[in-house]
Amino acid sequence: MVWEERWHPLREEWVIVAAHRQNRPWSGGIVEHAEEAVPDYVSDCYLCPGNVRVNGQYNDNYASTFVFDNDMPSVSPEAPQDLATPVGIYRNRSAQGVARVVCYSPHHSLTLAELEPAEVEALLSVWPDQYRELGSRPEVKHVLIFENKGEAVGVSNPHPHCQIYATNFVFKFIETEARASARHLQETGRVLFQDILLAEQLDGRRIICENETAIAFMPYFARYAYEVFVAPKETHPHIAALTDRERRDLADVLRRVLIKFDNLWQIPFPYVMPLHQAPTDGGDHRGFHFHIEFHPPLRRPNLLKYLAGPEIGGGNFLSDTAPEEKAAELREACDVHYKTSRDRQPG
Ligand SMILES: [Zn+2]
Ligand SMILES: [Zn+2]
């Protein structure tokens, strides 16, 4: 069983090989459409309150959020340290780090889009705590918080949750963003993301929604049809640096974006949602502006954007849609979740 990190000398990046995860629990991907009623509690769900997990531990009888160490971690303090040295130019090292799971709610049937504002705010106080705690570990160079939602992105359990990979390397996108931001700050004295926000405000066509301190927009350079960035307007390198007011405002904008996504085609909208935060490697990341990205795989209902020749083969995206048009669709989508309005209608 191979569990280690392997260096890719051509891409200059680490590949986590975690072959022990092959047998991880799987309770998704069987039904084609998950629109049938999902129960609020599922006795064999490893994320529902009070249930037993694969390692024999019991979940708390939690009432809001619940954080635990992933039972099938990709990176861990327990990862093998005594590794066979690869031949020739090849390099490997121990997959040290911490992998965690954050349950958003005890309710199995809900999604982030359906949580109450206070529940989204509660989640936005868990994320900073995790970033600080895990980022302060000496071996951790970066804390990647992300949610995979929907069978279209291979989610193995519909229970609302995200994951945390606190790794001994900085993930590639973050490394690139940190480098570009640092260079921009050095060359111009300005924060790169602030210049992006300025251009978006000047153009205006791709802004989805905003309030006093937070904004959501589809970037000019969007790679996916419905790619959206959610960010505080002030520059903070990570979510733990936000004021309470900014976190509340961010929760408000985040929630509205999630509802608009679902309302677009009245389906639970699948996405990959990473938080992009500054590395915790001790570097100078003053120019890094924390933001949340949405990478939804759908172009139309039931039509996936397949990553193929240009994207997988060459590493650059070919977008089949104009961000200005897609942003307008989202902006016009209702701010009240379709399930809520359906519940309110008699009969
Ligand atoms: Zn559950
Ligand atoms: Zn980013």
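As a basis for the values below, the full set of heavy atoms in this structure was taken, side chains included, without hydrogen atoms, waters or symmetry mates. In what follows, residues are counted from 1 in the order of the sequence shown. When a ligand or atom number is given, it counts from 1 through the structure's own listing order.
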Between Y220 and E324, does any side-chain donor sit less than 3.5 Å from a side-chain acceptor? no
If we ignore angles and hydrogens, is there a donor and acceptor under 3.5 Å between the side chains of N55 and D71? yes
Please determine whether C48 has a backbone or side-chain N, O or S atom lying under 2.8 Å from the Zn ion (ligand 1). yes
Nearest to the Zn ion (ligand 2), which N, O or S atom of E293 do we find? OE2
Could you identify the N, O or S atom of H276 positioned closest to the Zn ion (ligand 2)? ND1
From the N, O or S atoms in H108, identify the one nearest to the Zn ion (ligand 1). ND1
Considering just N/O/S atoms, say which atom of H159 is closest to the Zn ion (ligand 1). ND1
For the atoms NE2 of H291 and OE2 of E177, give the angle they form at the Zn ion (ligand 2), rounded to 10 degrees. 140°
So which of W127, Y131, F290 actually passes ring pair (Phe, Tyr, Trp, His ring centres under 6.0 Å) with H238? Y131
Report yes or no: does D320 contribute a side-chain atom to a donor-acceptor pair with the main-chain N or O of K305 at less than 3.5 Å? no
Main-chain N/O of P232 paired with H289 side-chain donor or acceptor, under 3.5 Å: yes
